[in-house]
Amino acid sequence: MPINKNHLYEIGAVLEKYNAGDYIFRENGTPQFYYQILTGEIKLNNYHSDGKEFIQNILSTDDSIGESLLFTEKAYPMNARALTECSLLKLSKTSFYKLLELQPQLYLMLCKALSERLYKKYILIKSVSCHSASERQNEVMQLMKQEQDNQSPFTFEIPLTRQQLASLTGLCIETTIRTIKKMERQKLLRIENRKIMY
DNA sequence: TCATTAAAGTTAT
DNA sequence: ATAACTTTAATGA
């Protein structure tokens, strides 16, 4: 999935470090770079006018950030912000295009990655738009779990805080917590030292 | 059913 | 110690 690091370095990528809370880019900014995560976690989000946050996605090692925006002239529709200390590889848009020219097989990889993203986005929108609270949560957790190999129950630790989960489902945190508790009672998940096992 | 407010407990820095 | 996160309870749309 990720682009080979050496290829990125050869064409001029640079290593950048960010601290937790730093912006990689902001909503309405112009996309000028390809980013790939080496370490750390990034969230893509929006802030509503009342200050409430909606998380679009959480990305980690080997994910690329905002690559879908490099093929349009549109501004970023979201922020990218570091959740933890991060190191990223950053490549200018022009160098990125050059790399694609030199290695056309990357196009296919990119297409696959984009398809994957789009698929998840559709599922997420479906689950966030038209269900009750617990159903929303169930679907979101289900979606995250699909990325790991082991599909047996209670083996997947939800890698989010309650607050992040709330921002991802569009629910308030208290409702999120109550829903989690209810799901625990229904044996849909387990809570082990405050971590959600799904 | 779910958001909001308030208050208090817990964990991380 | 202080900030960030988690939980419970009461109230109201």
Side-chain angles (χ1 to χ4, degrees), chain A residues 15-29 35-63 65-66 76-90 117 120-148 150-198:
Chain A
L15 183 71
E16 285 206 331
K17 302 247 181 198
Y18 293 85
N19 293 314
D22 287 352
Y23 282 86
I24 289 83
F25 53 75
R26 287 169 189 270
E27 186 172 354
N28 297 322
Y35 298 92
Q36 189 165 302
I37 304 177
L38 293 181
T39 63
E41 294 191 321
I42 304 281
K43 66 180 172 185
L44 302 181
N45 72 358
N46 298 104
Y47 292 104
H48 300 167
S49 43
D50 61 1
K52 203 184 285 178
E53 176 183 24
F54 182 76
I55 296 180
Q56 296 259 5
N57 207 349
I58 292 184
L59 305 171
S60 52
T61 302
D62 287 345
D63 287 324
I65 311 171
Y76 282 121
M78 74 298 200
N79 304 293
R81 235 181 142 178
L83 285 172
T84 63
E85 200 173 278
C86 294
S87 52
L88 309 181
L89 281 178
K90 176 176 166 181
R117 279 281 164 75
K120 280 202 280 182
K121 209 75 227 173
Y122 281 131
I123 302 282
L124 193 64
I125 288 181
K126 183 183 73 158
S127 35
V128 168
S129 61
C130 53
H131 293 303
S132 68
S134 63
E135 282 173 307
R136 275 193 235 180
Q137 261 179 184
N138 218 340
E139 296 242 13
V140 168
M141 293 193 288
Q142 183 73 52
L143 183 62
M144 285 189 290
K145 179 168 181 166
Q146 277 176 14
E147 284 165 44
Q148 84 165 11
N150 188 348
Q151 291 296 310
S152 44
F154 316 128
T155 57
F156 179 62
E157 177 181 324
I158 302 291
L160 302 174
T161 66
R162 309 288 196 268
Q163 286 183 345
Q164 288 169 341
L165 196 55
S167 301
L168 202 55
T169 51
L171 299 167
C172 73
I173 180 169
E174 293 85 347
T175 301
T176 300
I177 287 166
R178 278 188 214 101
T179 306
I180 291 167
K181 296 263 149 99
K182 192 161 90 189
M183 291 173 73
E184 185 189 22
R185 270 179 258 123
Q186 295 170 343
K187 308 267 188 276
L188 290 172
L189 54 79
R190 278 186 201 156
I191 295 175
E192 286 168 19
N193 57 57
R194 297 183 147 226
K195 289 290 173 191
I196 304 169
M197 305 303 294
Y198 184 76

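You can see that DNA chain C meets the heavy atoms of chain A within a 4.0 Å-exclusive cut from C/dC5 to C/dA10, reading 5' to 3'. With a cutoff of under 4.0 Å to any heavy atom of chain A, the contacted region of DNA chain B is bounded 5' to 3' by B/dC2 to B/dT11.
Nearest heavy-atom pair across A/Gly21 and A/Arg81 is O-NE, 2.9 Å. Smallest separation of non-hydrogen atoms from A/Thr61 and A/Leu38: CG2-O, 3.1 Å. When every heavy atom of A/Ala80 is checked against every heavy atom of A/Ile42, the shortest pair comes out as CB-CG2, 4.2 Å.
Between A/Tyr76 and A/Phe25, the ring-plane angle classifies as parallel under the 30° and 60° cut-offs.
For A/Thr39, the side chain to side chain contact (heavy atoms under 4.5 Å, CB included) test picks out A/Ser87, with sequence neighbours left out. Looking at residues two or more places apart in sequence or on another chain, you find no side chain to side chain donor-acceptor pair (under 3.5 Å) involving A/Arg26. With sequence neighbours excluded, the residues that form a side chain to side chain contact (heavy atoms under 4.5 Å, CB included) with A/Asp62 are A/Pro2. Considering only residues two or more places apart in sequence or on other chains, A/Asn28 meets the side chain to side chain donor-acceptor pair (under 3.5 Å) condition with none of them. In this structure, the side chain to side chain donor-acceptor pair (under 3.5 Å) partners of A/Asn45, at least two apart in sequence or on a different chain, are A/Tyr47, A/Glu53, A/Asn79. Remark: A/Lys145 pairs with A/Gln148, A/Gln151, A/Thr155, A/Phe156, A/Tyr198 by the side chain to side chain contact (heavy atoms under 4.5 Å, CB included) rule, at least two apart or across chains. By the side chain to side chain donor-acceptor pair (under 3.5 Å) test, A/Glu16 is found to be paired with A/Tyr18, A/Lys90, residues two or more places apart in sequence or in another chain being considered.
For DNA chain C, the neighbouring residues in residues 167-182 of chain A, judged by any heavy atom under 4.0 Å, are A/Glu174, A/Ile177, A/Arg178, A/Lys181. Residues of residues 157-166 of chain A that place a heavy atom closer than 4.0 Å to DNA chain C, in numerical order, are A/Thr161, A/Arg162, A/Gln163.
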Return all side-chain donor-acceptor pairs below 3.5 angstrom for residues 171-192 of chain A, not counting sequence neighbours, or 'none' if the list is empty.
{"from": "A/Thr176", "atom 1": "OG1", "to": "A/Cys172", "atom 2": "O", "distance (Å)": "3.0"}
{"from": "A/Thr179", "atom 1": "OG1", "to": "A/Thr175", "atom 2": "O", "distance (Å)": "2.7"}

